[in-house]
S.K.: 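Structure below; questions to follow.
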There are 2 protein chains.
Amino acid sequence: MAKTADDTIAVRISKVLADRIISGVIEPGARLRQDHIAEEFQTSHVPVREAFRRLEAQGLATGEPRRGVRVASFDLGEVREVAEMRAALEVLALRHAAPHLTAAILHLAEEATKAGDKSRDVRSWEEANRTFHRLILAPCGMPRLLATIDDLHAASARFLFAAWRSEWETRTDQDHRAILSALRQGNTESAAATLGRHVQWIGQKPVKTASGRTRDAFAIVG
Amino acid sequence: MAKTADDTIAVRISKVLADRIISGVIEPGARLRQDHIAEEFQTSHVPVREAFRRLEAQGLATGEPRRGVRVASFDLGEVREVAEMRAALEVLALRHAAPHLTAAILHLAEEATKAGDKSRDVRSWEEANRTFHRLILAPCGMPRLLATIDDLHAASARFLFAAWRSEWETRTDQDHRAILSALRQGNTESAAATLGRHVQWIGQKPVKTASGRTRDAFAIVG
DNA sequence: AATACAAAAATTATCTATAATTTTAAACCA
DNA sequence: TGGTTTAAAATTATAGATAATTTTTGTATT
């Protein structure tokens, strides 16, 4: 994580809180109390409130006037929604990025895929996955689009961690390889189609709840 | 504009400023000085800062640490970017909304189209246009998607006002009618295709600059 | 025992004040 | 005159304090 020292305190706080929300350290629905957070970060609550506004914009927290802020909760519907938005926007980004992709970039993307296959925990798999997507999309040169996609990736990671925080068996990513192969052949449409499907693949897994029951957890796995 | 009295001051301020930025009352690149704004709204600058964070998230302002916030500037590239994002996301929304569209909704959408045709200034045309899009997309029931589209519409309106603030001749909207007709026949794919093209139609017009020169202004007209 | 009410505690939202930084203006020197 | 340094003013960012609201807790009442 970039510890950009010249960031404003609010930005620093929002990054740390975002990481906690995404990784599931703070549970969905949990209240975020500004004084407590202010105390933890050794600041007043003014920057904390600004951090809250940033988290709200990213869709990681929701606030109601006078009643504070809480970690955004989510359901299968939102997992689907984020998956479809990612599919639509990543395909768009890839179409524009494709003409600017170099052999060097594709090589790095391949490395990221291998790193994903080798990873033994969700966290490092997610990081490798995000690297792959960023590498092949960044050359589109559309900053607003990339920023929106980034927020959606954060949401995706949240779903992923919620479902598979502890156990995780490695999966070799066939789709990533197919996308790279199509891009190498200059077949943008095929790459875009595969990417669109890839991002909408929603994994499902039975998970034990606190009460001992089992329910199904869902996550975007791509 | 909804003057929800129970909004927090920060939200109220951000709404007013957003309106000014979109309508072009404040020029792109202009600095937003927190003390001045605080004075205008009879508040301290704390809520003003929170309003800034909201504007940044909407892409209407950009801030650098310690150097304040300024109105986001834009160029043809960003107009294109927003148009393509809108096309991708509105098509997605329409596909999901289509099964839930009722005759009543389509009727209201037709009314909005007529209102657009009748409007004699950009501002009311834009409002009618936005109403049309919102009506046919809202039933998709995807809140995050709709929120993102809303932000993109704000950006679109900004481009539109920048280009045609003063002069504006009415244009009867053929596309809106084609979309409604396709939806009435249950032909979702045709409606989606037309919508996608419609949103990417970028108007162009020569505009006189302050120095008397003429340059081309661009805007999303759909 | 359950519900309704009231007082206390906690929390949010805001204001005023202060420190740190940047911008602007002026003076200075080559 | 043109550029550079220095001082002043303006501005941002944060802290500390206060008012208003909500949540919690305890108590009475049916």
Side-chain angles (χ1 to χ4, degrees), chain A residues 1-21 25-73, chain B residues 1-21 25-73:
Chain A
M1 234 178 307
K3 281 216 181 76
T4 15
D6 54 316
D7 264 350
T8 187
I9 292 183
V11 173
R12 266 211 305 276
I13 294 176
S14 81
K15 282 182 181 169
V16 173
L17 291 182
D19 189 66
R20 284 188 200 161
I21 294 172
V25 173
I26 322 180
E27 296 221 346
R31 283 189 66 172
L32 296 172
R33 294 191 200 80
Q34 57 183 28
D35 285 12
H36 298 192
I37 294 167
E39 195 178 13
E40 179 192 340
F41 286 90
Q42 304 271 11
T43 66
S44 87
H45 53 243
V46 179
V48 175
R49 292 180 60 79
E50 293 184 40
F52 285 171
R53 299 294 94 80
R54 290 176 53 90
L55 294 173
E56 284 176 11
Q58 289 174 81
L60 294 175
T62 58
E64 282 184 295
R66 292 269 166 205
R67 343 199 87 191
V69 176
R70 44 183 72 232
V71 176
S73 52
Chain B
M1 238 181 304
K3 279 215 182 76
T4 15
D6 55 317
D7 264 351
T8 187
I9 293 183
V11 173
R12 266 211 307 275
I13 294 176
S14 81
K15 281 182 181 167
V16 174
L17 291 182
D19 189 66
R20 285 188 200 159
I21 294 171
V25 174
I26 323 181
E27 296 222 344
R31 285 189 66 173
L32 262 29
R33 292 192 201 77
Q34 56 183 28
D35 285 14
H36 299 191
I37 294 167
E39 195 178 14
E40 179 191 342
F41 286 89
Q42 305 271 15
T43 67
S44 87
H45 55 244
V46 179
V48 176
R49 293 179 59 80
E50 292 184 40
F52 284 173
R53 299 294 94 79
R54 291 176 52 92
L55 293 173
E56 285 175 11
Q58 289 175 82
L60 293 175
T62 57
E64 282 185 293
R66 292 266 166 209
R67 343 196 88 191
V69 175
R70 44 183 73 231
V71 176
S73 51

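By convention in this document, chain letters (A, B, ...) are assigned in the order of the sequence lines, proteins followed by strands, and residues within each chain are numbered from 1.
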S.K.: Output the rounded distance in Å from CZ (B/Arg54) to P (C/dA13).
M.R.: 12 Å

S.K.: Classify the side chain of A/His45 versus the base of D/dT14 as yes if they form a donor-acceptor pair under 3.5 Å and no if they do not.
M.R.: no

S.K.: Please determine whether a side-chain nitrogen or oxygen atom of A/Thr43 lies at a distance below 4.0 Å from atom OP1 or OP2 of D/dA13.
M.R.: no

S.K.: Hey, does the side chain of A/Thr8 come within less than 4.0 Å of D/dT14's phosphate (OP1/OP2), counting only N and O?
M.R.: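 Checking A/Thr8 against D/dT14: at least one side-chain N or O falls below 4.0 Å of OP1 or OP2.
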
S.K.: Out of curiosity, B/Leu17 CG to B/Leu55 CG, how far, rounded to the nearest 0.5 Å?
M.R.: 5.5 Å

S.K.: Please give, in whole Å, the distance from C/dT12 C1' to A/Arg53 CZ?
M.R.: 10 Å

S.K.: Using whole Å, what does the distance between atom P of nucleotide C/dC15 and atom CZ of B/Arg49 come to?
M.R.: 15 Å

S.K.: Look at all strands and tell whether A/Glu50 reaches a base, only sugar-phosphate, or nothing, counting heavy atoms closer than 4.0 Å.
M.R.: nothing

S.K.: Indicate yes or no: does B/Glu50 engage B/Arg53 in a salt bridge with an N to O separation below 4.0 Å.
M.R.: no

S.K.: Which heavy atom in B/His45 sits nearest to a heavy atom in B/Asp35, and how many Å separate them?
M.R.: ND1-OD1, 3.6 Å

S.K.: Give the rounded distance in Å between these two atoms: CZ of A/Phe52 and P of C/dT14.
M.R.: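 Result: 14 Å.
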
S.K.: Both A/Ser44 and B/Gly68 contact DNA chain D. Taking the nearest nucleotide for each, which residue is further toward the 5' end?
M.R.: B/Gly68

S.K.: What are the two closest heavy atoms between A/Ile26 and A/Ala30, and how far apart are they?
M.R.: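 Where A/Ile26 meets A/Ala30 most closely, the heavy atoms are CG2-CB, 3.8 Å.
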
S.K.: Tell me: CG of B/Leu32 to C1' of D/dA13, nearest whole Å?
M.R.: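 For the pair B/Leu32 CG and D/dA13 C1', the rounded distance is 16 Å.
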
S.K.: In whole angstroms, how far is the P atom of D/dT12 from the CD1 atom of A/Ile9?
M.R.: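 Result: 17 Å.
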
S.K.: Side-chain N or O of A/His36 versus OP1/OP2 of C/dT11: is the shortest distance under 4.0 Å?
M.R.: yes

S.K.: Would you indicate which nucleotide in C/dC15, D/dA15, C/dT23 comes nearest to any side-chain atom of B/Arg31?
M.R.: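 Nearest listed nucleotide: C/dT23.
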
S.K.: A/Gln34 has an atom CD; how far is it from atom C1' of D/dA15, in whole Å?
M.R.: 14 Å

S.K.: Using the side-chain heavy atoms of A/Arg66, tell me which of these nucleotides is nearest: D/dA15, D/dA20, C/dC15.
M.R.: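 Looking only at side-chain atoms, A/Arg66 lies closest to D/dA20.
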
S.K.: Can you tell me the distance, in whole Å, between the CG atom of B/Asp35 and the C1' atom of D/dT12?
M.R.: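 For the pair B/Asp35 CG and D/dT12 C1', the rounded distance is 8 Å.
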
S.K.: Are B/Arg33 and D/dT11 close enough that a side-chain N or O sits under 4.0 Å from OP1 or OP2?
M.R.: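 Answer is yes, contact under 4.0 Å.
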
S.K.: Within the pair B/Arg67 and D/dT12, is there a side-chain N or O less than 4.0 Å away from OP1 or OP2?
M.R.: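 B/Arg67 to D/dT12 OP1/OP2: no side-chain N or O under 4.0 Å.
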
S.K.: Please indicate whether A/Glu39 has more than 12 foreign heavy atoms, meaning atoms of other residues, nucleotides or ligands, lying under 6.0 Å from its CD.
M.R.: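 Atom CD in A/Glu39 is not crowded, with 12 or fewer foreign heavy atoms closer than 6.0 Å.
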
